[in-house]
Amino acid sequence: RSSDLQSAPQSAAAEHGHALFVTIGCYECHGTVGQGSRSAGPRLAPQPIPFEAFIQELRHPVNDMPPYVAEVLSDADARDIHAYLESIPGPTHGVGDIPALNR
């Protein structure tokens, strides 16, 4: 049952991360589930970049995203946002399973 004990804090972190994702406005450019868009921010989920690269991009963005310095968003809060992005499931089926795309 150690996996249950580990999943509870991970779940709490992901829930807090989701709240932050909405509160600080990440969803405005990256979509409500990190799907991104062609005209705004890139896709963040599923399968986000490693945390080290994620925090680097938050602190020193290369495009139009404002920097989220530690005084604005702590490393712990950034880790929770990353946990939320990691919790987003990927597609449940492949392109080959969608009849309209196989014509």
Side-chain angles (χ1 to χ4, degrees):
R1 288 294 204 207
S2 67
S3 64
D4 289 344
L5 295 175
Q6 289 175 341
S7 65
Q10 289 173 337
S11 176
E15 287 179 25
H16 181 241
H18 178 254
L20 289 168
F21 194 83
V22 172
T23 303
I24 65 173
C26 304
Y27 77 93
E28 292 174 14
C29 295
H30 298 286
T32 55
V33 289
Q35 75 273 15
S37 79
R38 290 183 182 166
S39 62
R43 181 184 63 80
L44 301 177
Q47 301 171 337
I49 60 176
F51 179 72
E52 295 74 22
F54 177 76
I55 194 83
Q56 178 68 23
E57 182 63 28
L58 278 174
R59 304 292 189 229
H60 309 283
V62 294
N63 0 12
D64 294 333
M65 187 174 100
Y68 286 87
V69 295
E71 293 80 17
V72 173
L73 184 70
S74 71
D75 286 358
D77 284 346
R79 192 168 294 282
D80 287 353
I81 291 172
H82 194 262
Y84 163 63
L85 296 172
E86 288 181 318
S87 75
I88 296 170
T92 57
H93 54 277
V95 173
D97 298 332
I98 303 172
L101 296 177
N102 292 309
R103 293 183 187 167

Query raised in the report: Is Ile81 close to Leu73 at the side-chain level, that is, under 4.5 Å between some pair of heavy atoms?
Result: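 In contact.
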
Query raised in the report: Does atom CG of Asn63 have more than 12 heavy-atom neighbours from other groups under 6.0 Å away?
Result: yes

Query - Minimum-distance pair of heavy atoms, taken over all atoms of Val33 and Ile88 - result: O-CD1, 3.3 Å

Query raised in the report: If you look at every heavy atom in Pro91 and Pro46, which pair is closest and at what distance?
Result: CD-CG, 4.3 Å

Query raised in the report: What residues form a ring-ring contact (aromatic ring centres under 6.0 Å, His included) with Phe51, not counting sequence neighbours?
Result: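 Partners of Phe51 under the ring-ring contact (aromatic ring centres under 6.0 Å, His included) test: His82.
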
Requested in this report: Tell me, please, which residues at least two apart from Phe21 pass ring-ring contact (aromatic ring centres under 6.0 Å, His included).
Outcome: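 Phe21 satisfies ring-ring contact (aromatic ring centres under 6.0 Å, His included) with Tyr84 once adjacent residues are dropped.
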
Requested in this report: May I ask whether Ile55 and Val69 are part of the same hydrophobic cluster, defined by side-chain heavy atoms of I, L, V, M, F, W, Y residues being less than 4.5 angstrom apart, directly or through others?
Outcome: yes

Requested in this report: Quick one: list whatever passes side chain to side chain contact (heavy atoms under 4.5 Å, CB included) with Pro61, sequence neighbours left out.
Outcome: Glu57, Met65, Pro67

Requested in this report: Go through the structure and list residues passing side chain to side chain contact (heavy atoms under 4.5 Å, CB included) with Ile49, not counting sequence neighbours.
Outcome: Ala53, Phe54

**Report entry** Listed once per pair and sorted, the side-chain hydrogen bond (donor to acceptor under 3.5 Å, both in side chains) pairs that draw on residues 21-50, sequence neighbours left out
**Finding:**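 side-chain hydrogen bond (donor to acceptor under 3.5 Å, both in side chains) check on residues 21-50 returns no pairs.
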
Requested in this report: Output all residues satisfying side chain to side chain donor-acceptor pair (under 3.5 Å) with His16, sequence neighbours left out; order by chain, then residue number.
Outcome: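 Partners of His16 under the side chain to side chain donor-acceptor pair (under 3.5 Å) test: Asp80.
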
Query raised in the report: What residues form a side chain to side chain donor-acceptor pair (under 3.5 Å) with Arg59, not counting sequence neighbours?
Result: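 Side chain to side chain donor-acceptor pair (under 3.5 Å) check on Arg59 returns Asp75.
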
Query raised in the report: Quick one: CG on Leu85 to CG on Leu44, what's the gap to the nearest 0.5 Å?
Result: 5.5 Å

